[in-house]
Amino acid sequence: MKNAILLHGKPSKEEYYNPDTPSASNHHWFPWLQKQLLVHDIVAHTPEVPNAWHPDYPTWQKEFERYEITPETMLVGHSTGGGFILRWLSEHNNIRVKKVILVAPWLDPERESTTDFFQFNLDPELASRIESLLIFNSDSDMKSVQESVRIIRSKLNNINYREFHNYGHFCLKDLKSEKFPELLEELIK
């Protein structure tokens, strides 16, 4: 059975603890995308990582691995979630998946916000274990995301790339909508 795991990014500490802000897995386009995938008979999971504002790899790994990952699984990672997926797949080189879409993937190249979360070697053969590997990048995103995208593209072969104009970090305030039809289109085709 087809399934998808949609992994959020790293909210700020203030955003994480603000009772008026939805949890990371229930914010931005995640609820809309999850519902759209369900409508297309794709079981979609949106793990909620505890204390996501302070990334701890074992915690993210525990939450992520609660879900079945098969050759039919599609993985979507936003920002830190995208960087996590790259690390996890690099460290689990026996895993094959159908699609990986990295939305504004972030690896914290300057180690400004993380310590050992992104201490890993990106597996140059990673794309060979994925039917379709795609990066969504916006020309108006942060410099650290642009640098992360550059690093990923320089180290991985057979990666597809799609650039958007003025989509910022692909958050609600940037997209001005909870809908993300371009992402849905890539997942269901």
State plainly whether one hydrophobic cluster holds both W106 and L6, where clusters connect Ile, Leu, Val, Met, Phe, Trp and Tyr through side-chain heavy atoms under 4.5 angstrom apart.
no
Is there a path of hydrophobic side-chain contacts, each under 4.5 Å between heavy atoms of I, L, V, M, F, W or Y residues, that connects V103 with L134?
yes
To the nearest 0.5 Å, atom NZ of K98 lies from atom CD of E131 at 4.0 Å
R111: salt bridge (Lys or Arg N to Asp or Glu O under 4.0 Å) partners, not counting sequence neighbours
none
Under the side-chain hydrogen bond (donor to acceptor under 3.5 Å, both in side chains) rule, collect the residues that match up with S140, sequence neighbours excluded.
S138
Not counting sequence neighbours, which residues clear side-chain hydrogen bond (donor to acceptor under 3.5 Å, both in side chains) with N93? List them please.
none
Correct closest heavy-atom pair for E68 and N3 would be O-ND2, 2.9 Å
Can you check ring-ring contact (aromatic ring centres under 6.0 Å, His included) on F84 and Y57, steps first, answer last?
CA-CA 8 Å; F84 168 85; Y57 185 77; 5.3 Å; yes
Tell me every residue that passes side-chain hydrogen bond (donor to acceptor under 3.5 Å, both in side chains) with T59, counting only those two or more places apart in sequence or in another chain.
D56
How long is the straight-line distance from CG of L175 back to CH2 of W29, given to the nearest 0.5 Å?
9.0 Å
Could you walk me through whether R162 and E186 satisfy the salt bridge (Lys or Arg N to Asp or Glu O under 4.0 Å) test, starting with their C-alpha distance in whole Å, then the side-chain angles of each, then the deciding distance to 0.1 Å, before giving a yes or no?
CA-CA 11 Å; R162 201 162 158 198; E186 289 292 340; 3.3 Å; yes
Evaluate the side-chain proximity of I95 to T73: yes if any heavy-atom separation is below 4.5 Å, no if none is.
no
What closest approach, in Å, do N51 and Y16 show between heavy atoms, and which atom pair accounts for it?
N-OH, 2.7 Å
Just by modelled atom types, is the E65 backbone N or O under 3.5 Å from a matching donor or acceptor in the W88 side chain?
no
Applying salt bridge (Lys or Arg N to Asp or Glu O under 4.0 Å), name anything that partners D174, two or more places apart in sequence or on another chain.
none
For the residue pair V100 and L126, establish whether any side-chain heavy-atom pair is separated by less than 4.5 Å.
no
Do I188 and L37 touch side chain to side chain, with heavy atoms closer than 4.5 Å?
yes
What pairs with E91 under salt bridge (Lys or Arg N to Asp or Glu O under 4.0 Å), at least two apart in sequence or on another chain?
R87
Distance check, rounded to the nearest 0.5 Å: H45 atom NE2 versus F64 atom CZ?
11.0 Å
Which value, rounded to the nearest 0.5 Å, describes the distance between L89 atom CG and L122 atom CG?
10.0 Å
Are side-chain heavy atoms of F164 and N166 found at a separation under 4.5 Å?
no
Mind checking whether V149 and Y167 sit in one hydrophobic cluster, side chains of I, L, V, M, F, W, Y counted as touching below 4.5 Å?
no
Who pairs with Q36 by side chain to side chain contact (heavy atoms under 4.5 Å, CB included), at least two apart in sequence or on another chain?
W32, L184
Is there a chain of hydrophobic side chains (I, L, V, M, F, W, Y, each step under 4.5 Å between heavy atoms) that links Y67 to L102?
yes
Tell me whether I130 is reachable from L75 by hopping between hydrophobic residues (I, L, V, M, F, W, Y) whose side-chain heavy atoms are closer than 4.5 Å.
yes
So do H92 and R129 actually touch side chain to side chain, heavy atoms under 4.5 Å?
no
In this structure, are over 12 heavy atoms from other groups packed under 6.0 Å from N18 atom CG?
yes
If every non-hydrogen atom of L187 is compared with every non-hydrogen atom of K99, which pair is closest and at what distance?
O-NZ, 3.4 Å
Rounded to the nearest 0.5 Å, how far apart are CG of L133 and CD1 of I85?
10.5 Å
Under 4.5 Å between any side-chain heavy atoms of L183 and L33, yes or no?
yes
Check G83 against F120 and note the closest heavy-atom contact, atom names and distance.
O-CZ, 4.4 Å
Indicate yes or no: at least one non-hydrogen side-chain atom of E182 is less than 4.5 angstrom from one of F180.
yes
Residues in salt bridge (Lys or Arg N to Asp or Glu O under 4.0 Å) contact with E63, at least two apart in sequence or another chain:
R66
Of all residues at least two apart in sequence or in a different chain, which pass the side-chain hydrogen bond (donor to acceptor under 3.5 Å, both in side chains) check with H169?
S79, D141
Atom pair SG (C171) and NE2 (H27), whose distance is rounded to the nearest 0.5 Å
7.5 Å
Who pairs with H8 by side chain to side chain contact (heavy atoms under 4.5 Å, CB included), at least two apart in sequence or on another chain?
A24, S25, F30, E48, V49, A52, W60
Does E147 have any side chain to side chain contact (heavy atoms under 4.5 Å, CB included) partners at least two apart in sequence or in another chain, and if so, which?
P109, R150, I151
For K10 against T80, the heavy-atom pair lying closest together:
CB-OG1, 3.2 Å
Is the backbone of S128 close enough, under 3.5 Å, to the side chain of R96 for a donor and an acceptor to pair up by distance?
yes
Quick check against the 3.5 Å criterion: does S148 have a side-chain atom that pairs as donor or acceptor with the backbone of L107?
yes
L86 vs L156 side-chain heavy atoms within contact, under 4.5 Å
yes
Considering all heavy atoms, the nearest P105-V145 contact
O-CG1, 3.7 Å
Those residues that, when tested against E163, pass side chain to side chain contact (heavy atoms under 4.5 Å, CB included) (two or more places apart)
N137, D139, Y161
